[in-house]
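Taking it in order: structure first as structure tokens, then the write-up.
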Amino acid sequence: MSQLSTNKRPLGLLRGRPRQVMTLLMLLSLTALTSLFWLSNIILSDRYLGQLAERAVVRSALQAGSVSEALFGSSVTASLVARDANIVAALSTIPSTPELTEHLIALREQTGVQSLSVFDVEGAPIARATAVESADILAESIPQALTQNSAVFERLPDRPGFAFAHRVAFAEEVLGSVLVQVNLADVVTGWSAQGDVVLISDPTGQILLSSRANLLGANLDDVASFAPGSASARLVASYLRLEGHSSSTIVFESETFLAIQRPVGFRDWEMTYLAATGSVEDRVNSVLALEVTVFAILAAMIFFVTARRASRESVRMRSESERLRDLNTRLTREIEERARVESSLAQAERSLEQSSKLAALGEMSAAIAHELNQPLAAMKTYIAGAQLLLRRNRTEEASASFGRIDDLITRMNALTAQLKSFARKGGDELAEVDLRTVVTEALAIMAPQTGQRGVEVIKYLPDSPVKVMGDQLRLEQIVINLVRNALDALRQEANPRVEIEVAEGETLARLQVRDNGPGFDGSPDQVFEPFYTTKAAGDGVGLGLAISSQIAADLGGRLTGRTGSNGGAVFELALPQVRSTSDE
Ligand code: ADP
């Protein structure tokens with residue numbers, strides 16, 4: 001697990017609440033961007049409008065100058081031509097001479113006006129010099145001119161231009177009139193070419209000259225609605241810093257224009273110069289578009305970097321989860337392995353048990369074989385000896401040999417009987433047995449040995465029967481075993497004594513065999529282990545107590561041993577007591 005934790009990066013503050021932080025950042029940057037666009041919009045509009053206004057002021061001044069110049073010149077031309085001696089002479093001698101026309105042509109070329117015409121006192125045309133083929137269709141100027149001593153001005157109805165009429169008089173006598181026409185089409189065309197809207201109006205508001213032909217004759221107030229006091233107008237005014245020029249924005253043909261109004265300098269005419277603010281908007285918009293593009297590229301770069309980081313992070317996470325999965329698989333495999341080992345361990349334990357059983361069997365077989373081999377070998381020797389004695393007719397001695405052979409057979413019988421009694425466990429039917437009878441019978445069997453060894457045997461038996469469920473013979477075998485062991489232990493004892501006591505208890509009947517021998521060599525429990533013996537080979541096989549304790553267990557009781565108060569051995573057989581109805 002530790003290898004996982006080492007790879008974990010410490011989580012920063014930002015990673016704690018990434019979503020909220022991201023939203024906040026987005027909002028902040030959006031606000032910042034909006035403010036930036038708004039500010040640059042204002043600043044750029046301001047600046048470009050200022051430039052536009054300055055240019056408009058200069059242009060309008062030039063244009064107004066050119067118009068006034070043309071008109072003023074024409075009016076002067078008219079009054080000069082009216083005093084021309086040739087014309088006066090020609091009008092005095094009607095009909096006109098062809099020389100007059102030629103003179104007019106020369107005059108027209110010198111003055112640069114569009115046409116020059118001479119009329120008689122009735123208003124009938126006499127001579128004419130014109131650059132453009134057009135009729136003098138002016139109805140009012142000529143008669144009016146005859147009545148006054150100044151030029152009469154009239155606007156040409158069909159084209160951008162004007163006419164000046166002046167009477168021709170000599171010695172207070174009115175002889176006729178001259179008409180000078182001036183064409184401003186070229187000027188107007190120049191305006192249109194520059195994309196400007198220029199309107200020249202008289203004090204009544206009537207449009208006299210216009211870069212838009214369709215507006216001629218219309219009223220200025222009808223074609224353009226002023227938007228005075230608008231924000232951009234105030235800005236422009238501050239830029240202009242020019243006295244005598246009024247500026248404002250107007251909406252014209254549903255487009256917003258910066259309007260500059262100035263006097264033309266001719267007959268109180270006024271020039272309205274309209275500069276389209278659309279160009280300003282376009283320029284501002286293009287700069288804003290540039291800004292947007294830059295920010296979009298920036299945003300794309302940020303997005304790219306973030307996405308790369310995120311993808312790297314996801315790769316890392318994937319590899320981590322891969323490792324976790326690997327670890328999991330390994331763990332599962334280890335668990336399976338352990339289960340397998342455990343099961344094979346159990347298997348091994350079982351086979352060990354089996355083999356220890358087999359080993360015990362082998363050990364037992366060896367002991368039994370050894371136990372039987374010795375008497376068999378001895379018997380062979382005795383028989384050979386007896387045969388020899390018989391051949392030599394020493395029957396007395398031969399009979400003694402047979403007696404020894406008989407002893408050996410008895411001994412072998414005892415061994416096989418013990419093994420048999422062990423093999424027969426629990427097979428026989430059990431019956432009520434009086435432990436007093438068991439003791440009496442067993443001591444009767446052992447009487448020769450006890451008597452032979454001079455051992456004092458003391459019995460403590462109650463008057464009434466002490467009954468247990470059991471098998472008389474096997475119980476006797478236990479007592480015989482215990483007494484024989486006692487006799488063996490008492491071999492070196494000066495006053496050998498064995499005490500046998502039977503006692504009734506609450507639930508258990510007890511039978512004790514005590515001796516005054518040397519006691520146990522080791523632990524008293526050890527003596528019940530099969531093949532445990534301290535006796536010389538041939539004297540004991542170590543099965544007596546093992547078999548006896550097994551018989552006691554088979555009968556539902558227990559055989560125990562301990563060291564007595566006098567240092568000798570004390571064996572106690574405890575068995576479930578049977579209470580017969582006759583006892584109560
Ligand atoms: P065996 O008599 O063939 O040795 P047992 O199982 O009868 O086999 O006895 C086992 C051992 O217990 C004896 O060898 C002896 O060491 C010990 N033992 C049994 N009874 C006594 C006793 N009364 N006093 C001292 N030791 C005893």
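Both ligands and their constituent atoms are indexed starting at 1 by order of listing.
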Practice item. If you have a sec, work out which protein heavy atom is nearest atom 8 (O) of ligand 1 and how many Å separate them, to one decimal? Key: G542 CA, 3.3 Å
Practice item. Would you mind listing which atoms of ligand 1 come within a distance below 4.0 Å of any non-hydrogen atom of Y532? Key: 10 (C), 11 (C)
Exercise for review: Give yes if a backbone or side-chain nitrogen or oxygen of F571 is under 3.5 Å from a nitrogen or oxygen of ligand 1, and no if not.
Suggested key: no
Exercise for review: Indicate the atoms forming the closest heavy-atom contact of P496 with R453, along with that distance.
Suggested key: CG-O, 4.4 Å
Check your understanding: With atoms numbered from 1 as shown, which atoms in ligand 1 lie under 4.0 angstrom from a non-hydrogen atom of V527?
Key -> 12 (O), 17 (C)
Exercise for review: Tell me which part of D521 gets within contact of ligand 1: side chain, backbone, both or neither, using heavy atoms under 4.0 Å.
Suggested key: neither
Revision key, fill the gap. Ranked by distance from atom 7 (O) of ligand 1, the top protein heavy atom is N485 ND2, 2.8 Å
Review point. What is the nearest protein non-hydrogen atom to atom 15 (C) of ligand 1, stated with its residue, atom name and distance?
Key: T534 OG1, 3.3 Å
Check your understanding: Which residue holds the protein heavy atom closest to atom 24 (N) of ligand 1, what is that atom called, and what is the gap in Å?
Key -> A489 CB, 3.4 Å
Practice item. Hey, could you give me the OG/CG distance between S399 and D406, rounded to the nearest 0.5 Å? Key: 10.5 Å
Check your understanding: Between F528 and F520, does the ring centroid distance fall short of 6.0 Å?
Key -> no
Exercise for review: Please write down residue, atom name and distance for the protein heavy atom closest to atom 23 (N) of ligand 1.
Suggested key: D515 OD2, 2.8 Å
Exercise for review: Could you walk me through whether N485 and V527 pass side chain to side chain contact (heavy atoms under 4.5 Å, CB included), step by step?
Suggested key: CA-CA 11 Å; N485 279 342; V527 298; over 6 Å; no
Practice item. Using a strict cut-off of less than 4.0 Å between a Lys/Arg side-chain nitrogen and an Asp/Glu carboxylate oxygen, indicate whether R436 and D463 qualify as a salt bridge. Key: no
Review point. Looking at atom 5 (P) of ligand 1, what's its closest protein heavy atom, distance included?
Key: L545 N, 3.7 Å
Exercise for review: Check the pair L575, L475 against side chain to side chain contact (heavy atoms under 4.5 Å, CB included), reporting the backbone distance first and the verdict last.
Suggested key: CA-CA 11 Å; L575 288 168; L475 285 172; 3.7 Å; yes
Practice item. May I ask you to identify the nearest protein heavy atom to atom 2 (O) of ligand 1, giving residue, atom name and distance to one decimal place in Å? Key: K535 NZ, 2.4 Å
**Study point:** Which of the ligand 1 atoms, numbered from 1, are nearer than 4.0 Å to a heavy atom of A569
**Key:** 22 (C), 23 (N), 24 (N)
Check your understanding: Between CG of D46 and CD of Q51, what distance do you get to the nearest 0.5 Å?
Key -> 10.5 Å
**Study point:** Pairwise distance CZ(R392) to CG(L388) - rounded to 0.5 angstrom
**Key:** 4.0 Å
Review point. Rounded to the nearest 0.5 Å, how far apart are CG of L511 and CD of E572?
Key: 9.0 Å
Check your understanding: Given G519, G517, G561, G568, which one has a non-hydrogen atom that is nearest to atom 26 (N) of ligand 1?
Key -> G519
Check your understanding: Are any of the N/O atoms in T533 less than 3.5 Å from those in ligand 1?
Key -> yes
